[in-house]
Amino acid sequence: MAHILSAVAWPYANGPRHIGHVAGFGVPSDVFSRYMRMVGHEVLMVSGTDEHGTPILVQADKEGVSAKELADKNNAIIVQDLVDLGLSYDLFTRTTTGNHYRTVQELFTTVHRNGYMVERTTQAAISPSTGRTLPDRYIEGTCPICRYAEARGDQCDNCGNQLDPTDLIEPRSKINGETPEFVQTQHFFLDLPALAEALGAWLDEREATGLWRPNVIKFSQNILGDIRPRAMTRDIDWGIPIPLEGWREQRSKRLYVWFDAVIGYLSASIEWARRIGDPDRWREWWNDPESLSYYFMGKDNIVFHSQIWPAELLAYNGEGERGGAPGQYGRLNLPTEVVSSEFMTMESKQLSTSRGHVILVGDMLARYQPDALRYFICAAGPETSDADFTWAEFVQRTNSELVAGWGNLVNRTATMIAKNFGEIPPAGALEPVDETVLATVRAGFDAVGGLIGRHRQRAAIAEAMRVVGEVNKYLTVTEPYKMKDPSQRERLATVLHVAAQCVQDCNTLLAPFLPHSANRVHQVLGGTGELMPMPRIDHVTELDPGDGAGLDRYPVITGDYSATPAWESRPVVPGTPVAKPTPVFTKLDPAVVDEELGRLGSAGE
């Protein structure tokens with residue numbers, strides 16, 4: 001048994017999330033976490049909504065509400081969407097809690113004390129028309145490295161390099177198109193060059209494991225070549241105060257949202273431990289060098305998880321060239337692996353909420369089964385290369401693979417058992433064809449599990465569905481539906497017993513991917529329908545009133561996953577009642593394609 005931290009990227013709370021977001025951070029992390037629990041590991045899966053930064057202020061201004069009101073609204077929407085999708089967080093919280101503020105300020109103070117947070121004079125971008133500071137992400141221009149015309153002031157999404165607004169060629173405001181003015185201002189910078197040697201050694205160690213996806217490790221090593229100090233404070237009044245004398249009182253300066261957001265993995269772990277009444281329990285995942293940590297995100301966030309966050313941790317631990325000592329949290333573990341997905345497009349175009357070329361998670365789940373979306377993401381998602389979501393493929397995969405493949409196997413098996421016996425029959429003597437299919441299914445546990453453990457979920461679900469196909473072939477070859485003579489009854493019982501065993505085991509193989517339908521299949525075979533524990537929403541009280549952004553009560557995602565079944569074959573029990581089933585999956589009318597394309601078209605008008 002190992003301690004496994006599933007650190008899941010924090011969705012930004014400036015609006016509801018679309019299916020491309022959950023394809024990158026949500027479903028992959030949940031499949032992995034559920035599988036690791038089934039294997040027997042102690043999993044802590046944490047995240048929350050990222051609620052600071054100027055984009056929140058800009059959107060709040062548009063809607064005529066305060067930043068906190070906007071964050072409250074979108075936090076509630078995102079929490080409901082992720083629960084409906086079945087993401088099994090131990091704690092999904094927020095970055096506006098007092099607990100998070102305290103944790104972030106502890107890291108900043110220790111990093112500063114260790115000498116890795118240095119004060120520098122820099123250039124701040126100001127809007128000439130409003131006098132308001134423009135955040136890096138709201139300045140756009142041509143990248144000086146690759147000449148991409150829509151690079152942002154903090155990063156070029158085309159080449160992945162970090163930038164400053166002053167690096168851009170012909171910078172302009174994304175808000176109103178005006179050319180920003182640059183003025184001098186004081187800020188704290190994380191001294192990345194003083195941490196570069198330690199970062200490089202850590203990345204080389206990670207590369208030697210052979211576990212990281214090649215694109216992630218190579219990109220992470222390449223950006224070390226252009227490493228430089230990065231600003232960790234901003235001229236903004238919405239965020240976490242700088243915890244130093246003379247700075248704390250400056251209402252117009254706050255810690256940078258990306259400094260505080262990545263610390264959320266730690267603060268959420270601490271909040272989880274406090275809420276279960278065991279305040280130091282988080283240390284099992286963060287201080288024990290034998291524990292493992294996996295960070296899930298889209299590729300646009302690699303730099304923050306393979307450079308900025310590890311650098312913050314090294315600086316906190318005092319492991320850079322200036323030395324130092326850890327603070328009150330002790331030595332904190334660096335990531336075991338950064339698991340980055342590529343981008344998902346939609347009908348060959350970039351997903352865009354502002355242009356209406358998008359489907360929000362809530363809208364998707366209001367019209368379709370959550371496991372249909374989960375299946376598509378697992379089978380055809382952006383695991384190691386960009387992937388395109390099309391409505392035609394969504395309908396085709398749902399109907400031909402989920403309904404006609406897996407759903408049909410469950411339905412035909414349960415129907416024949418209900419019709420002929422009303423309960424799972426005992427098996428007689430097994431024939432070679434029975435032994436072969438049972439061995440094929442049992443072998444699936446090592447094959448599918450090994451792939452999930454290496455973050456190859458597309459291959460894993462393909463292997464699970466291949467096994468399903470072999471069981472369907474078994475029923476075609478043995479033809480139990482033709483065994484009507486009384487002399488064939490024992491053989492009929494044996495075949496249906498074997499089929500029930502195969503269905504139950506296939507259900508276990510598919511359970512991390514399709515937890516909702518796993519519960520339905522469990523019920524079809526006479527179970528309680530509670531095979532895979534599901535997340536829930538709790539409304540909790542602020543633990544540290546007065547230290548955060550003024551929260552009182554807020555929703556969190558949590559759950560009790562102790563009843564998660566083991567990753568192994570479990571014998572079916574003869575005599576278990578089986579009634580005539582109803583379909584587990586909903587077949588989609590082909591007209592869905594035109595309907596949804598019509599919605600896309602009207603949204604863009």
Taking C-beta and beyond as the side chain, do [X] and [Y] meet within less than 4.5 Å on heavy atoms?
| X | Y | result |
| --- | --- | --- |
| Asp81 | Val22 | no |
| Phe343 | Pro382 | no |
| Phe389 | Leu351 | no |
| Tyr375 | Met465 | yes |
| Thr345 | Asp386 | no |
| Val503 | Val572 | no |
| Val521 | Val584 | yes |

Item checked: Set of residues satisfying salt bridge (charged side-chain N to carboxylate O under 4.0 Å, His left out) with respect to Arg466, sequence neighbours excluded ->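 Residues passing salt bridge (charged side-chain N to carboxylate O under 4.0 Å, His left out) with Arg466: Glu463.
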Note to self: Checking Glu290 now: which residues fulfil salt bridge (charged side-chain N to carboxylate O under 4.0 Å, His left out) with it, not counting sequence neighbours?
What the structure shows: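 So Glu290 forms no salt bridge (charged side-chain N to carboxylate O under 4.0 Å, His left out) with any residue.
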With no hydrogens and no angle check, is any side-chain donor or acceptor of [X] less than 3.5 Å from a backbone partner on [Y]?
| X | Y | result |
| --- | --- | --- |
| Trp567 | Phe445 | yes |
| Asp300 | Asp157 | no |
| Gln504 | Arg570 | yes |
| Asn399 | Lys587 | no |
| Gln59 | Asn14 | no |

Check: Between Glu596 and Tyr368, is a side-chain hydrogen bond (donor to acceptor under 3.5 Å, both in side chains) present by the stated rule, with each step listed?
Finding: CA-CA 12 Å; Glu596 293 293 353; Tyr368 306 102; 2.6 Å; yes
Margin query: Taking the six-membered ring for Trp, are His305 and Tyr265 closer than 6.0 Å centroid to centroid?
Written below: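 Yes, the ring of His305 comes within the 6.0 Å limit of the ring of Tyr265, centre to centre.
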State whether a side-chain donor-acceptor pair under 3.5 Å links [X] with [Y].
| X | Y | value |
| --- | --- | --- |
| Ser220 | Arg206 | no |
| Thr390 | Asp388 | no |
| Asn333 | Ser291 | yes |

Next item on the list: For a ring-ring contact (aromatic ring centres under 6.0 Å, His included) with Phe32, tell me which candidate from Phe25, Tyr295, Tyr294, Phe513 qualifies.
Entry: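 Output: one option passes, namely Tyr294.
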Check: Hey, which of Trp282, Trp285, Phe92, Trp286 is the one that makes ring-ring contact (aromatic ring centres under 6.0 Å, His included) with Trp272?
Finding: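 When ring-ring contact (aromatic ring centres under 6.0 Å, His included) is applied between Trp272 and each of Trp282, Trp285, Phe92, Trp286, only Trp285 qualifies.
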Next item on the list: Only one of Thr436, Val437, Val441, Thr440 passes side-chain contact (heavy atoms from CB on, under 4.5 Å) with Tyr474; say which it is.
Entry: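 When Thr436, Val437, Val441, Thr440 are each tested with Tyr474, the side-chain contact (heavy atoms from CB on, under 4.5 Å) holds only for Val437.
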Next item on the list: Going by the side-chain contact (heavy atoms from CB on, under 4.5 Å) test, name the single residue among Leu91, Ile557, Leu5, Asp30 that passes it with Met45.
Entry: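 Only match with Met45 under side-chain contact (heavy atoms from CB on, under 4.5 Å): Asp30.
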Item checked: Test side chain to side chain contact (heavy atoms under 4.5 Å, CB included) applied to Arg367 and Arg599, step by step -> CA-CA 13 Å; Arg367 299 198 284 272; Arg599 286 191 178 98; 3.4 Å; yes
Next item on the list: Decide if atom CD of Glu470 counts as having more than 12 heavy atoms of other residues, nucleotides or ligands within a radius under 6.0 Å.
Entry: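 Yes, enclosed.
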Check: Atom CD in Glu423, atom OG1 in Thr576: separation rounded to 0.5 Å?
Finding: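 With rounding to 0.5 Å, CD (Glu423) is 8.0 Å from OG1 (Thr576).
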Check: Going through the distances and angles, do Asp560 and Ser562 end up as a side-chain hydrogen bond (donor to acceptor under 3.5 Å, both in side chains)?
Finding: CA-CA 6 Å; Asp560 179 1; Ser562 58; 2.7 Å; yes
Next item on the list: Go through the steps to decide whether Glu337 and Arg213 satisfy the test salt bridge (charged side-chain N to carboxylate O under 4.0 Å, His left out), and finish with yes or no.
Entry: CA-CA 9 Å; Glu337 185 172 353; Arg213 291 173 178 169; 5.7 Å; no
Item checked: Partners meeting side-chain hydrogen bond (donor to acceptor under 3.5 Å, both in side chains) with Asp446 (sequence neighbours left out) ->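 If we apply the side-chain hydrogen bond (donor to acceptor under 3.5 Å, both in side chains) test to Asp446, skipping adjacent residues, there are no hits.
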Next item on the list: Carefully, step by step, assess Gln501 and Asp505 under the rule side-chain hydrogen bond (donor to acceptor under 3.5 Å, both in side chains).
Entry: CA-CA 6 Å; Gln501 182 65 59; Asp505 288 346; 3.2 Å; yes
Next item on the list: Please work out whether the ring planes of His21 and His18 are parallel, tilted or perpendicular, with thresholds of 30° and 60°.
Entry: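 Parallel.
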Check: Can Val498 and Val433 be said to form a side chain to side chain contact (heavy atoms under 4.5 Å, CB included), step by step?
Finding: CA-CA 10 Å; Val498 169; Val433 67; over 6 Å; no
